Amino acid sequence: MPELPEVETVRRGLEEVLPGRRASRVEVTGRRTVRRQSPSELVSRLQRRRFRRPDRRGKYLALGLDSGDVLVIHLRMSGQLLYLPEPSAGARLPHTHVVVGLDDGSELRFVDPRTFGEWFVTGDLRPDGLPAEFDRLGPDPLADGLSTALLRERLLGRKVAVKAALTDQRVIAGIGSIYADEICHAARVRPDRRVETLGMAETRALALSSSRILRAAVVHRGSSLKDERYVDLMGTLGSYQTRHRVYDRAGEPCARCGAAIERVRFGARTAYCCLGCQS
DNA sequence: AGCATCACCTGGCTGC
DNA sequence: TGCAGCCAGGTGATGC
């Protein structure tokens, strides 16, 4: 599932190929990908526009256009953004919902089996050029930094489990289920602990672990799970999954204390953690 | 207001 | 082996 490191890896790939390219042809084939505006509106605001440098906040990609609009893309659960230098060479994969032909003959394709992913073009922007609705997002640990004081402030007054807070995009932007579990393990905090019970040292450990783990995962180009759903822009798998300490490792010994990793349920969600060294 | 739960969706897995 | 049914999980809507 694409989280901050996977989306950042895709953004870096886009940065290599997209700036200066013109969208010469835009084809919306899926029914659900473009849903907050009509597909024809998206096509008309995207077609013939030149891309600027791609940006990202949390799990959202923000692709600036020379018209002043921004193309926002969210991969959600199963979205893949693929770049084909020579599109004639490859047949379209099933579940290809959007195709953008670029002016050098290359193509950007959006493949998304579960159709949760979303594209829209907006001109409602903040002074920093990002979509106004990004105001809802909390700080992005990579783009904005995440100090202990800032995390403490973001958690203040909330009465939810630590994992629920870390994955709440209004609190911090970019963390999903996988990295929340890894961050909690690194910080020795149980994901089902209530945030109001956290001490300063634990909040500090969570802030430091968040930045460290997300940065390391970007270096390894994200996590590709067993279903191999996540690939980067060129179709290459990430490798951070080999460094997961707890996620999807129920029954395996904890690398830190040797106790068996457990899969715990809290509310309607699950989390992987080590009860031997996380409290 | 703020927290909890549900709906959305398909592929992969489990269990009979 | 085949197949029904469950589960995953980010976000926005709805319920409490």
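Predicted, not measured: the structure shown is a model, and the values here were computed from it. Every chain is numbered from 1 and lettered A, B, ... according to where its sequence line falls, protein lines coming before strand lines.
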Trainee: Give the rounded distance in Å between these two atoms: CG of A/Asp248 and C1' of C/dC7.
Mentor: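 Going from A/Asp248 (CG) to C/dC7 (C1'), I get 12 Å.
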Trainee: Counting only side-chain N and O atoms of A/Arg170, is one of them less than 4.0 Å from OP1 or OP2 of C/dT11?
Mentor: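 Result: no.
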Trainee: A/Ala164 or A/Phe116: which one's nearest nucleotide on DNA chain B is closer to the 5' end?
Mentor: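 Result: A/Ala164.
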Trainee: Respond yes when some side-chain nitrogen or oxygen of A/Gln169 is under 4.0 Å from OP1 or OP2 of C/dT11, and no when none is.
Mentor: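 Checking A/Gln169 against C/dT11: at least one side-chain N or O falls below 4.0 Å of OP1 or OP2.
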Trainee: For the side chain of A/Tyr60, counting heavy atoms from C-beta on, which of C/dT11, B/dG11, C/dG10 is nearest?
Mentor: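 The nucleotide sitting nearest to the side chain is C/dT11.
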Trainee: With heavy atoms under 4.0 Å as the rule, sort A/Phe266 into base, sugar-phosphate or nothing.
Mentor: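 Here A/Phe266 touches no strand at all.
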Trainee: Quick one: A/Arg265 CZ to B/dA4 P, roughly how many Å, whole number?
Mentor: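 So the CZ-P distance, A/Arg265 to B/dA4, works out to 15 Å.
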Trainee: Using only side-chain N and O atoms of A/His74, determine if any of them is under 4.0 Å from OP1 or OP2 of C/dT11.
Mentor: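 So the side chain of A/His74 is within the cut-off, an N or O lying under 4.0 Å from OP1 or OP2 of C/dT11.
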Trainee: Determine the contact category for A/Arg31: base if any of its heavy atoms lies under 4.0 Å from a base atom, sugar-phosphate if only primed atoms, P, OP1 or OP2 are that close, otherwise nothing.
Mentor: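 Nothing, no nucleic acid heavy atom in range.
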Trainee: Calculate the interatomic distance between A/Phe134 atom CZ and C/dT11 atom C1'; express it in whole Å.
Mentor: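 Rounded to whole Å, this separation is 14 Å.
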Trainee: Quick one: is B/dC8 close enough that its OP1 or OP2 comes under 4.0 Å of any side-chain N or O from A/Arg32?
Mentor: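 The answer is no; no side-chain N or O of A/Arg32 sits under 4.0 Å from OP1 or OP2.
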Trainee: Rounding to an integer number of Å, can you tell me how far A/Asp168 CG sits from B/dT5 P?
Mentor: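 For the pair A/Asp168 CG and B/dT5 P, the rounded distance is 15 Å.
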Trainee: Rounding to a whole Å, what distance do you find between A/Asp181:CG and C/dG10:P?
Mentor: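 After rounding, the gap between these two atoms is 10 Å.
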Trainee: Does a side-chain N or O of A/His95 approach OP1 or OP2 of B/dC9 to a distance below 4.0 Å, or not?
Mentor: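 No, outside the criterion.
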Trainee: Whole Å only: how far is the NE2 atom of A/His97 from the C1' atom of B/dC8?
Mentor: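 Atom-to-atom, A/His97 to B/dC8, this comes out as 13 Å.
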Trainee: Going by the angle between their ring planes, with limits at 30° and 60°, are A/Tyr60 and A/Phe134 parallel, tilted or perpendicular?
Mentor: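 A/Tyr60 vs A/Phe134 ring planes: tilted.
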Trainee: Can you figure out which of B/dC3, B/dG11, C/dG10 approaches the side chain of A/Arg76 most closely?
Mentor: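 Per side-chain heavy atoms of A/Arg76, the pick is C/dG10.
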Trainee: So which nucleotide from B/dT10, B/dC3, C/dG10 ends up closest to the side chain of A/Glu3?
Mentor: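 The listed nucleotide nearest to A/Glu3's side chain is C/dG10.
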Trainee: Take the protein atom CZ of A/Arg154 and the nucleotide atom C1' of B/dG2, then report the distance between them rounded to whole Å.
Mentor: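 Interatomic distance, CZ of A/Arg154 to C1' of B/dG2: 15 Å.
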Trainee: Between A/Arg53 and A/Glu15, does any NZ, NE, NH1 or NH2 come within less than 4.0 Å of an OD or OE carboxylate oxygen?
Mentor: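 Yes, A/Glu15 and A/Arg53 are salt-bridged.
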Trainee: Measure from NZ or CZ of A/Arg36 to the centre of the six-membered ring of A/Phe120, then state whether that distance is under 6.0 Å and the direction lies within 45° of the axis.
Mentor: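 Yes, cation above the ring, under 6.0 Å and within 45°.
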Trainee: Considering only C/dG12, C/dG10, B/dA4, which nucleotide approaches the side chain of A/Arg36 most closely?
Mentor: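 Output: C/dG12.
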Trainee: Between A/Glu133 (CD) and C/dT11 (C1'), how many Å, whole number?
Mentor: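 Rounding to the nearest Å, CD of A/Glu133 and C1' of C/dT11 are 11 Å apart.
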Trainee: At under 4.0 Å between heavy atoms, what does A/Thr270 touch on the DNA or RNA strands: base, sugar-phosphate, or nothing?
Mentor: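 Counting heavy atoms under 4.0 Å across all strands, the contact made by A/Thr270 is with sugar-phosphate only.
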Trainee: Under 6.0 Å from the CZ atom of A/Arg31, do we count more than 12 heavy atoms belonging to anything else shown?
Mentor: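 For A/Arg31, atom CZ is not crowded (no more than 12 foreign heavy atoms under 6.0 Å).
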Trainee: Does B/dA4 have OP1 or OP2 under 4.0 Å away from a side-chain N or O of A/Lys159?
Mentor: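 No, outside the criterion.
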Trainee: Let's go through A/Arg256 and A/Cys274 carefully: what are the C-alpha distance in whole Å and the side-chain angles of both, what is the deciding distance for side chain to side chain contact (heavy atoms under 4.5 Å, CB included) to 0.1 Å, and is it a yes or a no?
Mentor: CA-CA 9 Å; A/Arg256 189 167 51 210; A/Cys274 173; 5.8 Å; no
Trainee: Closer to the 5' end of DNA chain B via nearest nucleotide, is it A/Arg269 or A/Arg158?
Mentor: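 The residue whose closest nucleotide sits nearer the 5' end is A/Arg158.
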Trainee: Decide, yes or no, whether a salt bridge links A/Arg11 with A/Glu8 under the criterion of side-chain N to carboxylate O below 4.0 Å.
Mentor: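 Looking at A/Glu8 together with A/Arg11, the answer is yes, because their closest N to O distance falls below 4.0 Å.
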Trainee: Any idea which of C/dG10, C/dG12, B/dA4 is nearest the A/Arg194 side chain?
Mentor: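 Of C/dG10, C/dG12, B/dA4, B/dA4 is nearest to the side chain of A/Arg194.
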Trainee: Using a heavy-atom cut-off of under 4.0 Å over every strand shown, decide if A/Glu118 touches base, sugar-phosphate, or nothing.
Mentor: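 Result for A/Glu118 = nothing.
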